[in-house]
Amino acid sequence: MPKRILVTGGTGYIGSHTVVELQQAGYEVVIIDNLSNSNADVLEGIPRITGKRPLFDKLDCTDFEAMKALFKKYPFDGIIHFAASKAVGESVEKPLIYYRNNLVSLVNLLELMPQYNVKGIVFSSSCTVYGEPDKNPIDENAPVKPATSPYGNTKQINEEIIRDFVHSGAPIKSIILRYFNPIGAHPSAEIGELPLGVPQNLVPYITQTGIGIRQQLSVFGDDYDTPDGSCIRDFINVVDLAKAHVIAIERMLEKKSDEKVEIFNLGTGIGLSVLELIKVFEKVSGKPLNYKIVGRREGDIEQIWAQPDKANNVLGWKAEETIEETMASAWKWQQRLREKGAM
């Protein structure tokens, strides 16, 4: 009998790629999503890759009674929790939406897990918890800094909620995965990043500008203390990232550690600037990109990249795709969307 994993926010960008990797590793997957920032079309793309359609319920994780009915309906072996509002700028404008969505959804899951004998939860966190780092690269012992946005604050608070709940004696384990900057798409171009409306993330804006949907890309600042003046990030391939979740679930279910809460940074360990990423796109697409330098954006961190040794050595996971392969996959996905008339 295959183990069954609940994936909240599973029609989203990282969630859908993780569902593919879970299915290919032999797990049965149940997706729940309220489709507020994703598209149900992904439920057609996933089986074109894996040959198997995941179970899907349209649900909001903040609805406790609906979640309770779900736990009654399906016995789960573990949970991967992606469902969250995630745009930094929007969180500054609409903080209460972020606190309600991102905190209540986790509290509901944690409350239900012991009642229905679910032993483990993998939590989708973020390198935003480190703020503007004192030094790079960042390992898991780096201090958690005051959040620069309500979004970042919800990630910090959620990590604290998990630790406090486990410390109280709750019979669960958790692995917290702090992502750096996920980009790219599945190599099949069946699924990828499909933001609703104007992209909040850099790579979809690059590819949409490259294909003519957006007129011009704005690069926020070229006067940072970096080699070319633009911000530096650790860009990680989304499929590599998805594979880490499968390893994390296996680690919890097979009780490979005595620690009740473990934290891992997921990144490549390589810092790349925004202008360098644009050059990579121009190289793999063969297209010059129309961009302009504008003023700095409030809340942007100057430079941050991961020290992924703990994930490499303890989890046995490593980012494998090159930045060229990753940007080529994002461009292939954008071209596929145009062919389908989706964008």
Side-chain heavy atoms of [X] within contact of [Y], under 4.5 Å:
X	Y	result
Glu193	Val238	no
Glu111	Met67	no
Pro54	Val30	no
Pro2	Tyr27	no
Lys283	Met327	no
Lys119	Asp77	no
Phe64	Val104	no
Arg214	Val198	yes

Report yes or no: does [X] contribute a side-chain atom to a donor-acceptor pair with the main-chain N or O of [Y] at less than 3.5 Å?
X	Y	answer
Trp305	Ile232	no
Asn158	Asn102	yes
Ser329	Ala185	yes
Asn201	Val203	no
Lys332	Pro187	yes
Gln200	Val88	no
Asp57	Leu59	no
Asn265	Ile138	yes
Asp139	Gln307	no
Asp222	Gly229	no

Output all residues satisfying salt bridge (charged side-chain N to carboxylate O under 4.0 Å, His left out) with Asp300, sequence neighbours left out; order by chain, then residue number.
Arg297

Nearest 0.5 Å, please: how far is [atom2] in [Y] from [atom1] in [X]?
X	Y	atom1	atom2	answer
Phe71	Ile79	CZ	CD1	4.0 Å
Asn34	Lys58	CG	NZ	7.5 Å
Asn101	Lys86	CG	NZ	13.5 Å
Ile176	Ile162	CD1	CD1	4.5 Å
Leu266	Lys243	CG	NZ	13.5 Å
Asp309	Lys318	CG	NZ	9.5 Å

Arg53 and Glu44 ion-paired at < 4.0 Å:
yes

Got a salt bridge between Arg48 and Glu190, using NZ or NE/NH1/NH2 to carboxylate O under 4.0 Å?
yes

Does Val42 form a side chain to side chain contact (heavy atoms under 4.5 Å, CB included) with Leu194? I'd like the steps, not just the answer.
CA-CA 10 Å; Val42 75; Leu194 183 56; over 6 Å; no

Atom pairs and distances, side-chain donor-acceptor, residues 4-16, under 3.5 Å, sequence neighbours left out:
residue	atom	partner	partner atom	Å
Arg4	NE	Glu28	OE2	3.0
Arg4	NH1	Pro75	O	3.1
Arg4	NH2	Glu28	OE2	3.3
Thr8	OG1	His81	ND1	2.6
Thr8	OG1	Phe82	N	3.0
Thr8	OG1	Ala83	N	3.1
Thr11	OG1	Asp33	OD2	2.8
Thr11	OG1	Ser38	OG	2.7
Tyr13	OH	Ile183	O	3.3
Tyr13	OH	Gly184	N	3.1
Tyr13	OH	Gly184	O	2.6
Ser16	OG	Gly12	O	2.8
Ser16	OG	Tyr13	O	3.1

Dump the intermediate steps for side chain to side chain contact (heavy atoms under 4.5 Å, CB included) on Leu277 and Arg233, then the final yes or no.
CA-CA 10 Å; Leu277 192 71; Arg233 297 289 181 268; over 6 Å; no

For the residue pair [Y] / [X], report whether a side-chain donor-acceptor contact shorter than 3.5 Å exists.
X	Y	result
Glu325	Asn237	no
Asn153	Lys155	no
Thr226	Gln303	no

Should we say atom [atom1] of [X] is surrounded by more than 12 heavy atoms from elsewhere, each under 6.0 Å from it?
X	atom1	result
Gln215	CD	no
Lys310	NZ	yes
Asp225	CG	no

Which atom of [X] lies closest to which atom of [Y], heavy atoms considered:
X	Y	value
Tyr130	Lys145	O-CG, 2.9 Å
Met252	Val122	CE-CG2, 3.5 Å
Ser105	Thr62	N-CG2, 4.1 Å
Glu282	Leu289	OE2-N, 2.9 Å
Gln216	Tyr205	O-CE2, 3.4 Å
Thr128	Gly152	OG1-CA, 3.8 Å

Which of Asp234, Asn181, Thr322 passes side chain to side chain donor-acceptor pair (under 3.5 Å) with Thr268? It is Asp234

If hydrophobic clusters are built by linking Ile, Leu, Val, Met, Phe, Trp and Tyr wherever their side-chain heavy atoms come under 4.5 Å apart, do [X] and [Y] end up in the same one?
X	Y	answer
Val118	Leu109	yes
Leu217	Phe235	yes
Val274	Tyr291	yes
Tyr116	Leu253	no
Ile236	Ile263	no

Keeping to residues at least two apart or across chains, list the ring pair (Phe, Tyr, Trp, His ring centres under 6.0 Å) pairs with something in residues 148-189.
Tyr179-His245

Please walk me through it: do Ile211 and Leu337 pass side chain to side chain contact (heavy atoms under 4.5 Å, CB included)?
CA-CA 10 Å; Ile211 213 158; Leu337 287 174; over 6 Å; no

In Val29, Leu35, Val19, the residue satisfying side chain to side chain contact (heavy atoms under 4.5 Å, CB included) with Phe56 is Leu35

